[in-house]
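Below: one structure, written as structure tokens.
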Amino acid sequence: MESSQITIRILIVSLVVLIAAAISGMAKGSDDAGLCGMTKDELFECKPAVVTGVATPPPPTAACCAALAHADLTCFCTFKNNKYLPLLGINSTRAMQLPSKCDPNSSAHC
Ligand SMILES: *[C@@H]1O[C@H](CO)[C@@H](O)[C@H](O)[C@H]1NC(C)=O
Ligand SMILES: *[C@@H]1O[C@H](CO)[C@@H](O)[C@H](O)[C@H]1NC(C)=O
């Protein structure tokens, strides 16, 4: 087998593993299983502000911003180019703007 084929195969396997991890982490899991220091409920609270397919999503709610304040933003930023986010209906551009929408002074830049 050519090495390029092997590389592609490894890439595909990695992607599938990542997607499976994202699904189990975001869609189900135990009650407070969340992502990047935010619980599922907190993530859900932020979702309307970052959805894709609407021209002007509503600003993040106070509950969302409160949750973001204790979230691990560095971790959050690793999702910036996550190809799986659009499949969840999340606009990653908007997701990355969330910290500065909550707090104009936020120093979180991805
Ligand atoms: C994602 O958000 C950006 C910034 O608000 C917007 O320009 C873009 O059209 C959005 N994309 C989708 C698919 O909604
Ligand atoms: C942003 O910083 C300015 C100057 O330090 C301060 O007056 C303002 O209250 C801050 N805004 C927020 C939302 O924290």
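Each ligand, and each atom within it, is numbered from 1 in the order the structure gives. These figures come from a predicted structure and were not determined experimentally.
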So [Y] and [X], do their side chains get closer than 4.5 Å, heavy atoms only?
X	Y	answer
T39	F44	no
T52	P86	no
L73	L68	yes
T93	Q97	yes

Going by atom type alone, with no hydrogens or angles, which donor-acceptor pairs under 3.5 Å involve a side-chain atom of residues 58-67 and a protein atom two or more places apart or on another chain?
residue	atom	partner	partner atom	Å
T61	OG1	E45	OE2	3.0
T61	OG1	C64	N	3.1

So what's ligand 1 close to, N/O to N/O, under 3.5 Å?
residue	atom	partner	partner atom	Å
ligand 1	2 (O)	N91	OD1	3.3
ligand 1	2 (O)	N91	ND2	2.3
ligand 1	2 (O)	R94	NE	3.3
ligand 1	5 (O)	R94	NE	3.2
ligand 1	11 (N)	N91	ND2	2.8
ligand 1	14 (O)	T52	OG1	3.0
ligand 1	14 (O)	G53	N	3.3
ligand 1	14 (O)	N91	ND2	3.4

Should I90 and V51 be counted in the same cluster of Ile, Leu, Val, Met, Phe, Trp and Tyr side chains packed under 4.5 Å apart? no
